[in-house]
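These notes concern the structure reproduced below.
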There are 2 protein chains.
Amino acid sequence: MSLNAIELRQLRYFVAVVRQRSFRGAAAVVHVSQPPLTRQVQQLEDALGVQLLIRGSKGVELTPAGATFYTGACNILDLMDQAVARARLAGSGHLGRLDVGVFGSAVLDAVPRIIVAFRTLYPHVEVVLHNMDREHQVQALRERRITIGFNRFFRDEADLTWETLLTEPMLVAVPSGHPLASRAELSIDDIASEPLVFYPRVERPQGFTHYLMRMFHTRNMTPNIVQDVDDVVTAVALVSSGLGLCLVVESARNLQLPGVSYVRLRREDEVQFDLSMIWRTDDHSPLLRAFLEVARG
Amino acid sequence: MSLNAIELRQLRYFVAVVRQRSFRGAAAVVHVSQPPLTRQVQQLEDALGVQLLIRGSKGVELTPAGATFYTGACNILDLMDQAVARARLAGSGHLGRLDVGVFGSAVLDAVPRIIVAFRTLYPHVEVVLHNMDREHQVQALRERRITIGFNRFFRDEADLTWETLLTEPMLVAVPSGHPLASRAELSIDDIASEPLVFYPRVERPQGFTHYLMRMFHTRNMTPNIVQDVDDVVTAVALVSSGLGLCLVVESARNLQLPGVSYVRLRREDEVQFDLSMIWRTDDHSPLLRAFLEVARG
DNA sequence: ACCGGATGATACGGAAGAGGCATCACATCC
DNA sequence: GGATGTGATGCCTCTTCCGTATCATCCGGT
């Protein structure tokens, strides 16, 4: 019957016979007796409609067609092993692609550290970073364009889970020549009248700037904002040029721009920000679990 | 049982299920009922130790591992089809590699024509030409380094078969300024006293030069050899420079060097040479048969 | 020239596996 | 809440695969 579909068993037997140049020898290798080998190779030849082996009295020899099919069969068997191995790796989270949403100052310190740690543990996972703000992260999570997001101030959502990764104190970026630059720490009062580089206040409630503004308002102060900038790097660059002071999270200390000193805010002021990560609650993929474990340290 | 080897049937079913996003839909495609699909995919997952599909109430969905394995499975099935097609092509002589031994003047006309004709009929056969003399061809045939050889004066050998392809008349290559260059044809007598570019006479009996020398000796003449050269192209180049005349086979007419005229030898002199091809008698490969058929026209 | 030992091919009986049918458990939609 | 869709399960039949024993050949040593 040439209607019979070719099965991997036939390839395995055929390859063994070719490698051993003998049916009997191959029988020992594949742990079967010799007759099944003969039959399976016959069926293979029938299905192909081509003779693959020349049976001699002291072994077998390949026909030209047999030689070309042999290389193909080897490739297929190799690919099979690879596919199995890769599937198992993917099943344990060691292979695949992880899309991560990041935003602003989160990328300055904690996230890179986590990514590096993860990549050394899971070298075959392709980690792709997407820069997007909080709302876009939530949307991208729902659309499965990212698997996990990093940000601050996540709201509780029905289908998402978030978890605080770490809490960062605030620093004040001060131009090096400024009188306050040499202080060991600063209070809110110290900087209230100083020129400030600030962030756009059009953000949604519970945002970063919303929180900062409330900090001033609860003390009945109004910050002296001289410039709005929508990302930390540019803000610190303006501090570097002497335009004013700027409130940043501690991660920003990694921005080593010339002429910028970082001074802590007084602990008593309790000004600190969470860095959180968020993912789909129903996502049980091994990749996410593995990544979360690394992120939690 | 994870001892079970994975078979192609399982890949075919799995791929069908993924493509249809449904077991029942896939059942129609692969012409089986739905329960076997369920079972085969279960066995596949058992063998891998990894869940590949998420069964929902309105179809199935791939896990990350399933997606990884799916691409692998598709590759394997494609490769399988290719391997089958290639084996069938090879079985009919339409695929493979043909090593051809050629020598000297044989490559100037007849062999290129045959090669070109063969390559248009069998475009997927890789034809490799090896330049080697007669004795090396015989040796290479026995060692299977070549499949067929072209040459003149093959001796009968027990394990080899040869066949005359065509018979070429001899020409005389004459410098264009020479008095004989304008003649319609020449006889042996005409050239006996002329300066001749000739070929090394150290060759084995039954060789090309041996035959040429006998041609003179039977007429009680001695050629006036002014230079020995071991290949036709160089010989004609020397004719081009006016050093002397040279006996060549008709194929050499393709050598269009400036200042060289070709004049026929008189038919009565019956000076002509066979071009033969030789192969292993026990070689029944479809490639050789196909090539012989093309060569014979 | 013959016999021993190797090769692959074949015949037959039993066991494992695949497929089909009927059915179940569950979710979704109208 | 029933109708209809999904995949999973149990049971039976039939195919197919495997193992033992045997055969037909060929090669090599004596």
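Taking a cutoff of 4.0 Å between a charged side-chain nitrogen and a carboxylate oxygen, B/Arg142 and B/Asp159 qualify as a salt bridge. Salt-bridge check for B/Glu163 with B/Arg296: passed, with a basic side-chain N closer than 4.0 Å to an acidic carboxylate O. In this structure, A/Glu157 does not pair ionically with A/Arg280, as no charged nitrogen and carboxylate oxygen lie closer than 4.0 Å. Look at B/Glu45 and A/Arg88 and you find no salt bridge, because none of the NZ, NE, NH1 or NH2 atoms lies under 4.0 Å from a carboxylate O.
Taking atom NE2 of residue A/His31 and atom P of nucleotide D/dC18, one finds them 14 Å apart after rounding to whole Å. Note: CG (B/Leu44) to P (C/dG17) measures 16 Å, nearest angstrom. For A/Arg39 and C/dA9, the CZ to C1' distance is 10 Å, given to the nearest whole Å. The NZ atom of B/Lys58 sits 12 Å away from the P atom of D/dT6 (whole-angstrom rounding). The CD-C1' distance, from B/Gln42 to D/dG10, rounds to 13 Å in whole Å. The distance between atom CG of A/Asp46 and atom P of D/dT16, rounded to the nearest whole Å, is 13 Å.
A heavy atom closer than 4.0 Å to some atom of DNA chain C occurs in B/Arg9, B/Tyr13, these being the qualifying members of residues 6-28 of chain B.
One N or O donor and one acceptor, one from the side chain of B/Gln34 and one from the base of D/dA8, sit under 3.5 Å apart.
Distances shown here put a side-chain N or O of A/Ser33 below 4.0 Å from the OP1 or OP2 atom of D/dG19. OP1 or OP2 of D/dC18 lies within a sub-4.0 Å distance of a side-chain N or O belonging to A/Gln40. Side-chain nitrogen and oxygen atoms of B/Thr38 include at least one within less than 4.0 Å of the OP1 or OP2 phosphate oxygen of D/dA8.
Side-chain contact between B/Arg134 and B/Ser276 is absent, with no heavy atoms from C-beta onward closer than 4.5 Å.
Ranking C/dG8, C/dT28, D/dT9 by closeness to the A/Arg55 side chain, first place goes to C/dG8. In this structure, of C/dA9, D/dG19, C/dA18, it is C/dA18 that holds the atom nearest to the side chain of B/Gln43.
Two residues, B/Pro35 and B/Gly59, neighbour DNA chain D, and the one matched to the more 5' nucleotide by heavy-atom proximity is B/Gly59.
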Using the rule given for ring pair (Phe, Tyr, Trp, His ring centres under 6.0 Å), can you reason through B/Tyr122 versus B/Phe291, listing the C-alpha separation, both sets of side-chain angles and the distance that settles it, and then say yes or no?
CA-CA 9 Å; B/Tyr122 297 82; B/Phe291 187 83; 9.2 Å; no
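Ring orientation note: the planes of A/Phe69 and A/Phe14 are tilted relative to one another, at an angle of 30° to 60°.
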